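A quick note: this is a predicted structure, and the numbers were derived from the prediction, not measured.
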Amino acid sequence: MRHTSPKHDRVSPRSWFSLFRAQGGWWALGAAVVCLAVTFWSVGQYRAAAQYEAVGLVTKATAVDRRWVSDSDSGDTYYVTYRFAVGPEIVQRERTVSKGQYNRATTGTLHEIRYLPDNPRKFETYVGEAHDDAVVLQWVAGGAGSIGLIALWFAGSRANRSVLTRRYGYRSVARVDQIVETKNSGEPSGYGYLIWYTDNKKRGESLMHPIGKLNDIGVGAEINVYIRKGHSVWEGDVGPQETRDSRFPKVPPS
């Protein structure tokens, strides 16, 4: 079986989880974290909504000030300062609001709010706000969960295929056809990947690596790959095949 000298520094098989992360598994893990965090947040908002429904008191608040902050990354954020009376106490607090609420909250206008009698500084800027926020968060959590499942299937299936190809595929030689450097916002990222073709003209792509290491290999170089069911993986991505234990001593070739 023809092979060439390794053009990488891997000396042991790469674990499934390592390949899972390299195939984009972090997206699945990150989406799962977001899903759990937003789910707990949504539950908290549902509890707050139930509390407002049970003991909340409705009153009129005056919009005494408003402002907005523009951010090129997160967009515009709108603020309105509300003032209302709870017995002899005057409560005044700034809250973030939607653009529609901001447009309606000109100075001196009255708005129906709902507050908690034991803590008037906690109030809904409109009746039912906490429930509406809980529903939105529930949809966000569902979306994050769906993205996580898709990312899990994508990265997990690719990691499985890579491990199976290394374990049960046959070793062969492929020739590097291209070295592609990726870009972020039009600028070189410092990373790239190999594109190769096997002897039977099957195309393969490597995982992401520092572009300097790939350039050291060079276009036209021969690399060791494993092939199974028409799919090929680079030894530099997955590591060498496992060596089975043997009761017989290894005899060097004569």
Residue [X] excluded, over 12 heavy atoms near [atom1] under 6.0 Å:
| X | atom1 | value |
| --- | --- | --- |
| Trp16 | CH2 | yes |
| Arg47 | CZ | no |
| Phe40 | CZ | no |

Does some side-chain heavy atom of [Y] sit less than 4.5 Å from a side-chain heavy atom of [X]?
| X | Y | value |
| --- | --- | --- |
| Tyr79 | Thr77 | yes |
| Pro210 | Tyr191 | yes |
| Thr62 | Thr109 | no |
| Leu116 | Tyr52 | yes |
| Val97 | Trp68 | no |
| Val91 | Arg83 | no |
| Tyr226 | Trp234 | no |
| Asp65 | Val80 | no |

Side chains of [Y] and [X]: any donor to acceptor distance under 3.5 Å?
| X | Y | answer |
| --- | --- | --- |
| Gln138 | Tyr46 | yes |
| Ser232 | Thr198 | no |
| Asp237 | His8 | no |
| Asp76 | Ser70 | yes |

Test side-chain contact (heavy atoms from CB on, under 4.5 Å) on Val43 and Trp41; report intermediate values, then the result. CA-CA 5 Å; Val43 170; Trp41 190 3; over 6 Å; no
Enter the distance from [X]:[atom1] to [Y]:[atom2] here, rounded to the nearest 0.5 Å.
| X | Y | atom1 | atom2 | result |
| --- | --- | --- | --- | --- |
| Thr81 | Arg93 | OG1 | CZ | 11.0 Å |
| Leu214 | Gln178 | CG | CD | 12.5 Å |
| Ile147 | Leu152 | CD1 | CG | 13.5 Å |
| Ser12 | Gln241 | OG | CD | 13.5 Å |
| Lys213 | Leu194 | NZ | CG | 12.5 Å |
| Leu110 | Lys60 | CG | NZ | 6.5 Å |

side-chain contact (heavy atoms from CB on, under 4.5 Å), that's the test. Do Asp177 and Trp196 meet it? Break it down for me. CA-CA 5 Å; Asp177 183 71; Trp196 65 78; 5.8 Å; no
Salt-bridge present ([X], [Y]; N to O < 4.0 Å):
| X | Y | result |
| --- | --- | --- |
| Arg95 | Glu129 | yes |
| Glu205 | Arg203 | yes |
| Arg166 | Glu242 | yes |
| Lys7 | Glu222 | no |
| Glu53 | Arg114 | yes |

Between [X] and [Y], is there shared hydrophobic-cluster membership here, with clusters defined by ILVMFWY side-chain heavy atoms closer than 4.5 Å?
| X | Y | value |
| --- | --- | --- |
| Ile113 | Leu57 | yes |
| Ile179 | Ile217 | yes |
| Val86 | Ile90 | no |
| Val219 | Tyr197 | no |
| Tyr170 | Ile223 | yes |

May I have the step-by-step check of side-chain hydrogen bond (donor to acceptor under 3.5 Å, both in side chains) for Tyr126 and Asp132, ending in yes or no? CA-CA 10 Å; Tyr126 64 89; Asp132 290 349; 3.0 Å; yes
Return the minimal non-hydrogen interatomic distance between [X] and [Y], and the atom names on each side.
| X | Y | value |
| --- | --- | --- |
| Ala22 | Arg14 | CB-NH2, 3.5 Å |
| Pro240 | Pro13 | O-CG, 3.3 Å |
| Ser42 | Ala134 | OG-O, 3.0 Å |
| His131 | Ala49 | N-CB, 3.6 Å |
| Gly236 | Arg10 | O-NE, 2.9 Å |
| Thr107 | Val64 | CG2-O, 4.0 Å |

Side-chain donor/acceptor of [X] to backbone N/O of [Y], under 3.5 Å:
| X | Y | value |
| --- | --- | --- |
| Ser157 | Phe154 | yes |
| Asn224 | Val173 | no |
| Ser189 | Thr182 | yes |

One pair to check against salt bridge (Lys or Arg N to Asp or Glu O under 4.0 Å): Glu94 and Arg67. What are the steps and the verdict? CA-CA 10 Å; Glu94 183 180 70; Arg67 65 188 179 92; 2.8 Å; yes
So, applying side chain to side chain donor-acceptor pair (under 3.5 Å) with Thr125, which one of His111, Glu112, Gln101 is it? Gln101
Hey, do the aromatic rings of Phe84 and Tyr115 have their centres closer than 6.0 Å? yes
Using ring centroids (six-membered ring only for Trp), state whether Tyr102 and Tyr78 fall under 6.0 Å. yes
Should Val127 and Val58 be marked as a side-chain contact (heavy atoms from CB on, under 4.5 Å) after you check the CA-CA gap, both sets of side-chain angles, and the distance that decides it? CA-CA 8 Å; Val127 176; Val58 177; 4.1 Å; yes
